Amino acid sequence: MVQNNWRGPVVDEYEFDICAGCSFYPCEYIGEFTKFMENHSRAPDYDSLDGNILLSEWDEANKIIKTVGATVVEIDGRMIEESTPTEVVDNRRSTGFLSYDRVGLQNGCIMGPRYVTQVECGRKSVADGIGDHYQVQLDFDYRIEENVPDRWEPKQPVVLSAQTGQGKNYFIENFLIPYLEDLNYKNKTKFRILIISNRLALKRQSEMHIRGQDNAEDNGKRVYSYKDVADVVTYQGLLRRKKDLERVQKKKRPGYLFVICDEAHFFTSDAMFNPYTQEILSSIVVLFKKAIRIYMTATPYECLQYICEHEEYPPVFYHFQRDYSYLNVKAYSEIRELYDDIIKGVNRAEKWLIFIDDKAKCQRVKNELEEKGEKMGISLQNDDSKAGKVYAVSADSKNDEICKLIVQEEKLVKGIQVLITTSVLDNGVNLTGIDHIVVADMSKSKCIQMVGRARKSGDNDSKTLYLKRFDKKYVADRIRDLKEQRKAYHDFDLAYGDLNDIFCSSNRDEYSFLCKYFHGNETDWKNANHWFSRSQDEPDKLFLNEIARSLLEKRLSMFEFILEEMAEEEKEVETSGQEIKRLPGQKYLEYQLSWFEKEYCADDDQTLCDKGKTEKNFLDFLKLYSKEKRCIDNKEKEGFRKEFTRLHDAAFPREDKNKDRAYGISKMNSILEKQKMNYKIESKSEYWTVVEYNRNPTIQK
C-alpha cells in the first residue's frame, strides 16, 4: 500500500484553518474562499455595554479584524477614552462558512490529507506527474504485489485531478496502453484495460483515438475491443454487461488490470437525472476489486466524497494546478445581450460554443440569431451545406450525421461557426478552433467542464468566456424543483422505507406512490424515470439514488442561501448617477469568476456596457489620428499604444493573454484587419501614421 512518502511539501502557515497540513496549498479553493469572504464580510459593529465600546475596523491590507476594547474614564474633569487591544482575529480563518456550500466544508476539505493520500503535481503534464508509479510489480503467480512503495495497487484507488488539456487521455493512450502491451508480451499474459466513459459522444472519441474508426451504433450497450488490450464502454453499458464482467473478473487471472473511470464527476453531475449513478459506482468498486481503479476528472470537488465513501482505502490523489490565464471573462445576464457580438463574430469567421441546458431554448436561440442576422444584413445560412452557420445540438441529435462528424473531427465542420448545445457535449468531448464559450449554469463542475470542451491550441491561444449572472427567478425555480424531488423521496420512504404513515398501511402508501409517479400525469412519470431505478436482479423493485438524495439537500441549502442573498442585494443596489453598478446576483457572479482566477470588471459586463458606444469611441479615436494628428513620433507612440489597447479591449475581446501589455504595431494592424476596419497604421523612419482606406468594413465608420 502507498505510504506517506507520496506527500508533497507542507508550508508553515496557512491562510485558512481548513488548509492546515495540505500539500496542495495554495490550490484553486483559496481564491474562492477569499472572494466569498470579501463578498460576505460584516460591516463594523458598534456596541455599548457597561461603559466599554467595542470598535471593529476592517484592515484591507491584511484582511483581518482588529477588535479594540475602549474604556471611558474621567481625568481632570474630562472624559478620556483609553484603548487597549484585546484580541486580533483573522476573519477568514474564523468564519463559519467559506463557500456557498453550507455543508460540504464542515468536516474539512475533501481534497485534504484527512481523506486522501496527496500527490502534489504542480502544473506538470499528467504523465510527468505520475512518473513510473503505474508500472506494477507482479509476483510469481502474476498477481500485483501489495505494499510496494510508489507503485499502484488494486486495494488503493487512484484519482487523477487535472485540468482539461493537461494530458489525462494522452497518458492512457501513450503510456498505460503501450506499457500493458509490453507487460503482456514479456509475461505471456492477457491483461486488458477497460475505459468507461459517460457520454456516447465521448465514447466515440475514445474509440477513434485508440482504433481510428467510429463503430458505436449500439447506444452504449456493448463493450468494444481496440488494439490488443483496450476496451471502451459507457457507464450505462457497464450495468448491462455486469454479469459478463463479473465472470471475467472472478477468474484466477482477471481480465482487467486497469479500469479507467473517465470523467468521474459523472457520479454526481448526472445523479439528479440518472438514478443509476450510485449503483454504477458501487458496481465498479465490487466488480473490479482486483483491478487498479483510476478515476479521472478535471472537477473532483463534488464526486471525490462519494468515491472515498465507496472505496475501502483512501485514494492516491494526484492534483495538478489549474491555469486559466488564457481566458478573457465577460459577464452577461440574458443571452440576447450577446446576439450582436455573436453575429459580428461570425462575420469575422470566429467560432462560438454556446451551452444552454434546454433543447427547446437551443432551437429558439438559433432561430433568433438567424432573424437578427437578417436584420443586420449578415446571413447565417450556408449555400453549400444543409447546416447553417448556427447549429443546435441536443440529446436527440446523438445519431445525427453532422453531430457525429463534429465529434469525429473534433471541430466545427461544414461551415458551422456557432454550436449551440445542451450538456450532451459538456463532458470529455474535445473541440478545437473555438474562440468564444458561453455558459449558463450555477454549478462549478458543469461550468469548468463546459469551458474544457474548447481545447486550447498552443501557448498563445486565448478565448473569451461569457459567464451568466443569475436572478431570483432562476434560483427560486431551482428551489421549487428540488423541493418537488425531495417530496418524491419522502413519498418513496413512506411506501418502501421506515416512514410508513401511522394513519395508513404500507400497502396504501405504496399504492399512492405508484399511482402518482407511474400512473399519473406525464410530468410525474418522466420525473420518476429520473429519480427512481429498477435493478436487473429485481426488476419489480424500485430504488432511489442516495448520491442524488445527498446532493439534493446540499444544493437546496445553497440555493436558499443565494436567494436570501439576492433579496438583500435588491435592497442594497449601489448607483452612481443614473448608472447601476451592481445588480442582484452580483456576489455569486464574482464567486464564479474566482473559479477561473478572475476579478469582476464593469467594462467586461455585457449587461451594463454600451457596446455601440465603445465601438464608436474606438473608431473616433482612429478617425482623430487619421484626420488631425497625422504623425505619431517616438515620444507619443507609447501613449498611442496604451490608448489603442484600452479602447479596443472595451469594445472587443482581448487579443493578448498578457492583460497588462499594450499592443505593438503588428498586433494593432492585425486587429484592424480582423475587425475589417478602414484603417491601418504605417511605420515611417521616425514616426507612425494612421491611414484610412477602403476595406469594405462590416462596422461602418
Side-chain angles (χ1 to χ4, degrees), residues 125-127 130 132-136 138 142 144 152-154 157-160 162 166-242 244-249 251 253-264 266 280 283-285 287-297 318 407-408 410 427-430:
S125 69
V126 169
I130 293 173
D132 59 0
H133 300 162
Y134 65 94
Q135 297 180 10
V136 300
L138 302 178
Y142 302 106
I144 300 174
W152 293 354
E153 58 184 84
V158 176
V159 178
L160 303 182
Q166 273 188 287
K168 295 186 295 293
N169 289 305
Y170 182 87
F171 165 73
I172 301 299
E173 296 164 16
N174 294 277
F175 287 83
L176 204 57
I177 289 177
Y179 164 71
L180 198 59
E181 288 178 322
D182 187 56
L183 188 71
N184 284 337
Y185 176 77
K186 290 179 179 178
N187 295 282
K188 297 182 180 179
T189 50
K190 295 182 179 180
F191 290 124
R192 302 185 68 78
I193 295 174
L194 181 63
I195 302 172
I196 314 173
S197 62
N198 66 334
R199 293 285 189 272
L200 281 172
L202 175 58
K203 178 174 180 283
R204 290 190 179 112
Q205 279 197 348
S206 298
E207 291 164 355
M208 289 181 289
H209 283 182
I210 297 171
R211 192 181 188 187
Q213 56 183 295
D214 185 9
N215 186 19
E217 301 298 331
D218 69 314
N219 292 328
K221 295 178 181 178
R222 291 179 55 194
V223 177
Y224 281 99
S225 300
Y226 302 95
K227 282 194 172 181
D228 298 320
V229 298
D231 299 334
V232 183
V233 67
T234 63
Y235 286 105
Q236 292 80 2
L238 181 138
L239 281 185
R240 300 186 186 101
R241 294 295 305 273
K242 187 175 178 179
D244 294 337
L245 292 168
E246 189 175 30
R247 284 194 294 269
V248 171
Q249 291 303 105
K251 294 179 180 179
R253 237 177 253 175
Y256 294 113
L257 188 66
F258 298 100
V259 174
I260 315 295
C261 296
D262 199 8
E263 307 297 335
F266 156 82
I280 293 169
S283 297
I284 289 169
V285 174
L287 278 174
F288 305 110
K289 192 172 184 179
K290 296 180 181 179
I292 295 171
R293 297 170 302 287
I294 305 169
Y295 300 91
M296 302 196 311
T297 177
Y318 294 82
V407 173
Q408 180 178 331
E410 302 187 7
N427 284 280
V429 176
N430 304 329

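None of these values were measured; they are calculated from a predicted model.
- Heavy-atom minimum distance, Arg293 versus Pro154: NH2-O, 2.9 Å.
- Taking CH2 from Trp152 and NE2 from His133, the interatomic distance works out to 9.0 Å, rounded to the nearest 0.5 Å.
- Interatomic distance, Tyr318 OH to Lys168 NZ, rounded to the nearest 0.5 Å: 15.0 Å.
- One finds the CD1 atom of Ile284 at 10.5 Å from the NZ atom of Lys242 (value rounded to the nearest 0.5 Å).
- Residues Leu287 and Tyr256 are not in side-chain contact: their nearest non-hydrogen atoms beyond the backbone lie 4.5 Å or more apart.
- For an aromatic pair to be called close, the ring centres must be under 6.0 Å apart, and Phe258 with Tyr134 fails this.
- A pairwise comparison of heavy atoms in Ile292 and Glu153 identifies CG1-C, 3.8 Å as the closest pair.
- Distance check, rounded to the nearest 0.5 Å: CG of Leu194 to CD1 of Ile294 gives 11.0 Å.
- Minimum interatomic distance between Tyr235 and Ala264 (heavy atoms only, all atoms of both residues): OH-CA, 4.1 Å.
- Put simply, the side chain of Ser125 does not reach to within 4.5 Å of the side chain of Phe171, judged on heavy atoms.
- The shortest side-chain heavy-atom distance between Leu138 and Leu183 falls under the 4.5 Å cut-off.
- With a 4.5 Å cut-off on side-chain heavy atoms, Ile130 and Val158 do not count as touching.
- Put simply, the side chain of Val229 does not reach to within 4.5 Å of the side chain of Leu257, judged on heavy atoms.
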Checking Leu176 against Ile260 for the side chain to side chain contact (heavy atoms under 4.5 Å, CB included) test, could you report, in this order, the C-alpha distance in whole Å, the side-chain angles of both residues, the deciding distance, and whether it holds?
CA-CA 11 Å; Leu176 204 57; Ile260 315 295; 3.8 Å; yes
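- Taken to the nearest 0.5 Å, the CG atom of Leu238 stands 7.0 Å off from the CD1 atom of Ile280.
- Rounding to the nearest 0.5 angstrom, the gap separating the CD1 atom in Ile177 from the CD1 atom in Ile193 is 5.0 Å.
- Residues Ile172 and Met296 meet the side-chain proximity criterion, which asks for heavy atoms closer than 4.5 Å.
- In this structure, the side chain of Asn184 engages the main chain of Phe191 through a donor-acceptor pair within 3.5 Å.
- In terms of heavy atoms, Asp231 sits closest to Arg192 at OD1-NH2, 2.8 Å.
- Minimum heavy-atom separation, Ser283 to Leu239: OG-CD2, 3.9 Å.
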